[in-house]
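Taking it in order: structure first as structure tokens, then the write-up.
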Amino acid sequence: MQEHLMAKVFESVMGEDSHKALDKTGIKPLYAVHANLSASELVAEALERQEGVLSEDGALAVYTGEHTGRSAKDKFIVDEPATRDEVWWSAINQKMAPDHFTRLTDTVRGYLAGQELFTQDLYAGADPAHRIRVRVVTTNAWHAQFARNMFIRPPVEDLADFAPDYVILHAPDLALDAESYNLRSSTAVVLSFEQKLIVIAGTQYAGEIKKSIFTVMNWLLPPKGVLPMHCSANIDAKGESALFFGLSGTGKTTLSSDRNRPLIGDDEHGWSDEGVFNFEGGCYAKVIRLNQEAEPDIWNASHRFGVVLENVTVGARGKLDLDDSSRTENTRSCYPTDFIPNAVASGQGGKPRHVLMLTADAFGVLPPVSKLTPDQAMYHFLSGYTARIAGTEKGLGNEPEATFSACFGAPFLPRSPAVYGQLLRDRLAKGNVSCWLVNTGWTGGAYGTGKRMSLAHTRAILAAVLEDRLNDAECEVEPYFGLHIPKQVAGVPADILNPEHAWADKAAYAQQAKKLVDLFKQNAEGFSGGLSPELLKAGIGAAVS
């Protein structure tokens, strides 16, 4: 073991490429630096270092320890003069003083210098006009493989002169002293837009790498007139795009995976004058209780060599147990987008023709589908509603809990939601775009009484929307949110289209609907991102008081 380590020390000291791989990082390495290793090389390193185990299909399964999701309360943006006035300072974007950041980066760089390192040079943004170059420096081979899967892999010829626009210093095993850096805990995710530097320490959860770059793209694109979006996207035979907005658990990844519509991407996109483009080169699918028959593409993609599985249980002989939630409900599969059979190789599509806003309403109030006016689309975009239930997250009781996340991605918005809302308004005004609210949650009653919407029914609804069969459909208007509900959708029972009709107890439905209206109103009262009186009237002005 010592001879092996000494060989790697010698490799690091003597190899000029190792030092070039750390250009713009501020790290002076003492040990080996493995630059831009292939998937097979990274998996071999991860297994040698006992970072994970292989499934029977060759996927690399890892355990992220204490952190099985994002550490939202440990995210900071450096309070710097050049960017201070444009940042949306909030509980989401907490301030870090420049001197604290300097001490933090000095500590992290010193720590990384004393470790064997893995670097990956990657792109974010499939459209070259809006692309950034990212250099990821980490201590774990599996995190490097995650990044390699998640972002866009440049052609080999682009790597020789690769100069990063942004650098991620990733120290997952470094537990920080909170008091020394004015932190909440031993974990930190800190972004400096002025220095173009991201520091992640004290958490193994790889989603922090992915979402930190999403935050960067949300910072860079609005001044260019490009709308960054937390959505999935696919295209039709004419190349026109459909966008699927939605928070975790609403079906964003599942519903955009359609054998008849090539996939652009499952999570992060930009909308420019030319069309839609993926920020990423991979997918990060939630796989708890993944069903092979219902979601064959995601299932097959997750059972291949090169995949990184987070917190998925691997049993005897490498067999995956996707039903085991003992570690977390947030089990994940990270794989390249091209593992999906009909993925769009370019990561780009034409201008959107349809916008679908997904919600999993556990109160059983919202219709399975409703057509939105432009003002209603803005209202629901800025509200970003879904509901959480017991079993999906720790600490939840038996009652559903309403969740509002502006623009369906508040944790990743460094600017005011009003900025993104105005960009959406502008984009909708420029094109012939239909907007729909789709409830993948409960019908016939709230969680515990009603039942979850059938995936087959939701897919039938999507087919009708995307094939323009509902554009001129006869609708009825429900009284609480003023939503226009189609009276008929092929393949969907008529008695579930209007949620009031699906409830046996009409009085209970009315009570639940008023409760949800009040929750929307409460969210609007505390909202700082542009819910104007006109939008409020469009969203719940018609509600029964």
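- Checking side-chain atoms of Asp321 against main-chain N and O of Val314 turns up no donor-acceptor pair under 3.5 Å.
- Residues Val307 and Ala301 approach most closely at CG2-O, 3.0 Å, considering heavy atoms.
- Under a cutoff of 6.0 Å and an axis angle of 45°, Lys252 and Phe244 do not form a cation-pi pair.
- Both tests do not hold together for Arg153 against Tyr123: distance to the six-membered ring centre under 6.0 Å, angle to the ring axis within 45°.
- Aromatic ring centres of Tyr284 and Phe146: separated by under 6.0 Å.
- Under the 6.0 Å cut-off for aromatic ring centres, Phe520 and Phe404 qualify, their centroids lying closer than that.
- Of the options Asn311, Thr313, Thr331, a side-chain hydrogen bond (donor to acceptor under 3.5 Å, both in side chains) to Asp324 is made by Thr313 and by none of the others.
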| field | Residues Tyr385, Asp361; criterion side-chain hydrogen bond (donor to acceptor under 3.5 Å, both in side chains); working and verdict | value | CA-CA 8 Å; Tyr385 163 71; Asp361 175 27; 2.6 Å; yes
| message | Between Asn234 and Ser256, does the side-chain hydrogen bond (donor to acceptor under 3.5 Å, both in side chains) criterion hold? Intermediate values first, please. | response | CA-CA 6 Å; Asn234 60 27; Ser256 59; 5.5 Å; no
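- Between the NZ atom in Lys95 and the OG atom in Ser90 there is a gap of 11.0 Å [rounded to 0.5 Å].
- Atom CE of Met217 is separated from atom OG1 of Thr215 by 11.5 Å, given to the nearest 0.5 angstrom.
- Judged by distance alone, with hydrogens and angles left aside, the side-chain atoms of Trp89 form a donor-acceptor pair with the main-chain N or O of Arg84 at under 3.5 Å.
- Contact annotation: the side chain of Phe118 never approaches that of Val137 to less than 4.5 Å [non-hydrogen atoms, C-beta and beyond].
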